[in-house]
Amino acid sequence: QVQLVESGGGLVQAGGSLRLSCAASGRAFSSYAMGWFRQAPGKEREFVSGINRSGGSTTYVDSVKGRFTISRDNAKNTVYLQMNSLKPEDTAVYYCATVKSWSDTSYDPKSYYYWGQGTQVTVSS
């Protein structure tokens, strides 16, 4: 199995920044496209950002465009989510997940095979 471990979450003031990391083990990291999702209390899990296997193509939900940047370092088996200009609305548990390859179905969490345990991001107002 692929094991995913998120880190980098925490408490930050509105307008601040956090950098989330997701470290993978158990299989060739470059074999998977990756997604970041988040889930706030009382809400369904929401797609945030995705990146293809090579890292050459990225996508974002409209609410984070211009503020968040996804990247990956396949040599380190790690995907990152740089989050700038954070808003209270960004407060959620953030999860990384793997999918075989990026496709039109990759916005759906049901398409993903493996998930990390999540890391809490709290943005104070």
Side-chain angles (χ1 to χ4, degrees):
Q1 295 185 23
V2 173
Q3 304 291 326
L4 302 173
V5 180
E6 300 98 335
S7 62
L11 175 64
V12 65
Q13 291 182 310
S17 298
L18 287 171
R19 182 175 182 247
L20 305 184
S21 298
C22 175
S25 63
R27 220 172 201 270
F29 181 68
S30 61
S31 296
Y32 301 97
M34 300 292 299
W36 283 99
F37 292 79
R38 64 188 181 186
Q39 189 165 22
K43 297 183 178 180
E44 64 185 17
R45 192 163 296 188
E46 174 192 28
F47 174 83
V48 177
S49 184
I51 189 167
N52 70 349
R53 287 177 286 182
S54 69
S57 181
T58 61
T59 190
Y60 304 88
V61 67
D62 286 345
S63 61
V64 308
K65 287 181 179 178
R67 299 189 298 120
F68 291 10
T69 303
I70 189 172
S71 62
R72 67 190 297 162
D73 186 340
N74 287 344
K76 296 182 178 180
N77 287 3
T78 303
V79 64
Y80 306 95
L81 186 67
Q82 178 67 47
M83 305 186 296
N84 298 327
S85 301
L86 283 162
K87 304 175 180 179
E89 305 92 270
D90 297 317
T91 295
V93 177
Y94 283 70
Y95 301 88
C96 66
T98 66
V99 68
K100 184 64 176 178
S101 61
W102 184 259
S103 72
D104 290 341
T105 65
S106 297
Y107 301 98
D108 188 344
K110 296 178 182 177
S111 299
Y112 289 76
Y113 298 122
Y114 304 108
W115 294 81
Q117 84 287 353
T119 185
Q120 177 71 49
V121 172
T122 303
V123 184
S124 63
S125 60

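Not a single donor-acceptor pair under 3.5 Å links the side chain of Gln13 to the backbone N or O of Val123. Using modelled atom types, one side-chain atom of Tyr60 and one backbone atom of Ile70 make a donor-acceptor pair closer than 3.5 Å. The main-chain N or O of Ser57 is found under 3.5 Å from a side-chain atom of Asn52 such that the two form a donor-acceptor pair. No donor-acceptor pair under 3.5 Å is formed between the side chain of Asn74 and the backbone N or O of Asn77. Of the possible polar contacts, none joining the Gln39 side chain to the Glu46 backbone as a donor-acceptor pair under 3.5 Å is found. The closest donor-acceptor contact from the side chain of Gln3 to the backbone of Ser25 lies at 3.5 Å or more, if one exists at all. Side-chain N or O atoms of Tyr112 include one that pairs as donor or acceptor with a backbone N or O of Ser106 at under 3.5 Å.
Residues Tyr114 and Leu4 share a closest heavy-atom pair of O-CD1, 3.5 Å. Contact detail for Glu6 and Tyr94: the closest heavy-atom pair is OE2-O, 4.0 Å. For the residue pair Tyr107 and Phe37, the shortest heavy atom distance occurs at O-CE2, 3.8 Å.
In the hydrophobic cluster analysis, where Ile, Leu, Val, Met, Phe, Trp and Tyr join through side-chain heavy atoms closer than 4.5 angstrom, Tyr95 is grouped apart from Val61. When the side chains of ILVMFWY residues are joined at heavy-atom separations under 4.5 Å, either directly or via intervening members, Phe29 and Ile51 end up in a single hydrophobic cluster. Side-chain heavy atoms closer than 4.5 Å link hydrophobic residues (I, L, V, M, F, W, Y) into clusters, and following such links, even through other members, never connects Val99 to Tyr80. Cluster annotation: Leu81 and Val121 are assigned to the same hydrophobic cluster (Ile/Leu/Val/Met/Phe/Trp/Tyr, side-chain heavy-atom contacts under 4.5 Å, transitive).
Residues satisfying the salt bridge (charged side-chain N to carboxylate O under 4.0 Å, His left out) test with Lys43, not counting sequence neighbours, are none. Residues satisfying the salt bridge (charged side-chain N to carboxylate O under 4.0 Å, His left out) criterion with Asp62, sequence neighbours excluded, are Lys65. Residues passing the side chain to side chain donor-acceptor pair (under 3.5 Å) test with Thr122 are Gln120, sequence neighbours excluded. In this structure, the side chain to side chain donor-acceptor pair (under 3.5 Å) partners of Ser103, at least two apart in sequence or on a different chain, are Thr105.
No side-chain heavy atom of Arg38 sits under 4.5 Å from any side-chain heavy atom of Val93. Here the side chains of Val79 and Trp36 are in contact, with some heavy-atom distance below 4.5 Å. Between Trp102 and Thr59, the closest side-chain pair of non-hydrogen atoms falls below 4.5 Å.
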What side-chain donor-acceptor pairs closer than 3.5 Å can you find for residues 17-24, not counting sequence neighbours?
{"unit_1": "Ser17", "atom_1": "OG", "unit_2": "Asn84", "atom_2": "OD1", "d": "2.9"}

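Both the sub-6.0 Å distance and the 45° axial angle are not jointly satisfied by Arg53 relative to the ring of Tyr32.
Identified under the salt bridge (charged side-chain N to carboxylate O under 4.0 Å, His left out) test for residues 67-89, with sequence neighbours left out: Arg67-Asp90.
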Pair Tyr113, Lys100 - check side chain to side chain contact (heavy atoms under 4.5 Å, CB included), show working.
CA-CA 8 Å; Tyr113 298 122; Lys100 184 64 176 178; 3.8 Å; yes
